[in-house]
Protein chains: 2
Amino acid sequence: MSQQQDDAMNILASDISVKDVTCDHDHRASCSNCRLGSLCLPIAVSTEDIEQIDNIVLRSRPIDKGHHLFNQGDNFKSIFAVRSGTIKTYSLSPSGKEQINGFYMPGEIFGMDGISDFSHASSAVALERSAVCEIPYDSLGILSNELPSLQRHFMQLMSREIANDQRLISWLGKNSADERIAALILSLSARNVRRKFSATEFRLPMSRTDIANYLGLTIETVSRILSKFSKQGVIELQNKELKISDMEKIREIAGIK
Amino acid sequence: MSQQQDDAMNILASDISVKDVTCDHDHRASCSNCRLGSLCLPIAVSTEDIEQIDNIVLRSRPIDKGHHLFNQGDNFKSIFAVRSGTIKTYSLSPSGKEQINGFYMPGEIFGMDGISDFSHASSAVALERSAVCEIPYDSLGILSNELPSLQRHFMQLMSREIANDQRLISWLGKNSADERIAALILSLSARNVRRKFSATEFRLPMSRTDIANYLGLTIETVSRILSKFSKQGVIELQNKELKISDMEKIREIAGIK
DNA sequence: TGGTCGACTTGACGCATATCAAACCGACCG
DNA sequence: CGGTCGGTTTGATATGCGTCAAGTCGACCA
């Protein structure tokens, strides 16, 4: 593996936070100087407005791998933005089966499924050491009244979540295991690009089990298909370090997504 | 089939609109006297507020079966509420395959996937003669500033859409064809109940092809399973007229949803 | 150094669902 | 009345993925 790749991986895995968060309550980072700003905040929001937002956002100390931000059924108080690391959300069916609803990476917002009935419909857990910003929903509502652009932005965020979910529904419904996995790889790649990292080399932050669960497959199938892709030369994979060797081919497998 | 059932079917199929909409521009029906009011409007909204909402809502003449309300890629202007009939939304993959995203019945809201980038991510078509209320998004934004409860309600609606989609993701990912079909039947039944109609006898407003597409199955599998359910005596089915004979059994098949 | 454990890989086999093909049925039309 | 057509049902066969089982690899620890 190249040094350049190592660098990209390290940046991806640890991102902004690692040095910032060594103190218990890190209030130094703010929305205005956050490197993710334009991803998570409305572009339309002016500098003064950002300061107001800053005032309501709570910044947590780092969340260790495996620790929960909230659990299914908890009272809904806040939505969250990922600052570093990866968060997965999942729900348990009445019979106790886990279903992963999404993976959230830096700059992405989650927890919006709790708004409708003031109780979280899913649980959120850190897949690696992560940091998040917590945005209390009450404060957000009040602030939205003063900042129409903020309100619009949140509608847009929720709308995007809806569109994303519906795209996932399409994949799951009628695509083969090959297509699903290729599509996931492309999704991770695109989100990496959005954060100005490599489109072709990154670390899979989740386990094979999580990938399988998310895509509605078994872990064996995921493993087999990743091996097949490797043998075909479209990817290179060592543990969780992924390199896309043939982007065109991946797109083709995914159905030109 | 009983007379009572016939009545229920007719009401379900035609609902409020048929007599109202024979004139070209029907402005008589209003949110305040709409029988669906409490389903689609915020319960918290007061009577005076409803009048304000009334002012921004456009009521369309009936949409004939097969006609579109909007197409994928169209500029986003409004969201819609179903007054009568059934609307399906679907998107086309780059390769041209259709994927149905949802079926919307009276009192339900759709079109919210267009907010994020001002362009509809899906198309909406009437499965039968239907009527809808169109709510211009601009007016809604302005009005929301004056009516905080309206804004909250819309956040809730979108949140519910997210939660619904995520539930669908769970079904599609890891459930058998039997479970999917049983779950769809239960969903239709529950939505009927919500509108104060029969839980056990109603008309399937969509074709077998649509059911198959929505659930990620083939039409043959859908047909076979519906036949099997009939033979087992858990449902009775003649064309699109459905009667649930053994609700417990359906729940059991669906996995106690 | 060797041992254990969890995450992952690989192989053999079976089943659920897709695919292919044909027949049925009601609606509409000449 | 017969003919055609779209939507649906039913049957025979193929296959993709799940299931079960065994094996590999790396991390951690005594």
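What's counted below: heavy atoms across the whole structure, side chains too, no hydrogens, waters or symmetry copies. Lettering follows sequence order; numbering is per chain, from 1.
Straight-line distance from the NZ atom of B/Lys228 to the C1' atom of D/dT9: 15 Å, rounded to whole Å. A/Leu215 has its CG atom 10 Å from the P atom of D/dG18, to the nearest Å. When rounded to the nearest whole Å, the span between CD of B/Glu179 and C1' of D/dG18 equals 14 Å. Here the P atom of nucleotide D/dG6 and the CG atom of B/Asp210 are 16 Å apart, to the nearest Å. As rounded to whole Å, 10 Å separates atom C1' of D/dC17 from atom CZ of A/Arg180. Note: CG (B/Leu204) to P (D/dG7) measures 16 Å, nearest angstrom. Note: CG (B/Leu217) to P (D/dG16) measures 18 Å, nearest angstrom. Summarising the geometry, the separation between CD1 on A/Ile181 and C1' on D/dG18 is reported as 14 Å, rounded to the nearest angstrom.
Between A/Tyr214 and A/Phe103, the ring centre distance stays below 6.0 Å.
Taking the side chain to side chain contact (heavy atoms under 4.5 Å, CB included) definition, one finds that B/Glu134 meets it with B/Leu58, B/Lys77, B/Ser78, B/Phe80, sequence neighbours left out. Every residue two or more places apart in sequence or in another chain that forms a side chain to side chain contact (heavy atoms under 4.5 Å, CB included) with B/His67 is listed here: B/Ile63, B/Asp64. Every side chain to side chain contact (heavy atoms under 4.5 Å, CB included) that A/Thr200 has, sequence neighbours left out, goes to A/Ser198, A/Ile244, A/Met247. Partners of A/Thr209 by side chain to side chain contact (heavy atoms under 4.5 Å, CB included), not counting sequence neighbours, listed by chain and number: A/Ser207, A/Ile219. In terms of the side chain to side chain donor-acceptor pair (under 3.5 Å) criterion, B/Thr89 has no residue partners (sequence neighbours excluded).
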Quick one: which protein N/O atoms are closer than 3.5 Å to N/O atoms of nucleotides 7-10 of chain C? Pair and distance per line, please.
| residue | atom | partner | partner atom | Å |
| --- | --- | --- | --- | --- |
| C/dC8 | OP2 | A/Arg208 | N | 3.3 |
| C/dT9 | OP1 | A/Arg208 | NH2 | 3.3 |
| C/dT9 | OP2 | A/Arg208 | NE | 3.0 |
| C/dT9 | OP2 | A/Ser223 | OG | 2.8 |
| C/dT9 | O5' | A/Ser223 | OG | 3.0 |
| C/dT10 | OP2 | A/Ser227 | OG | 2.4 |

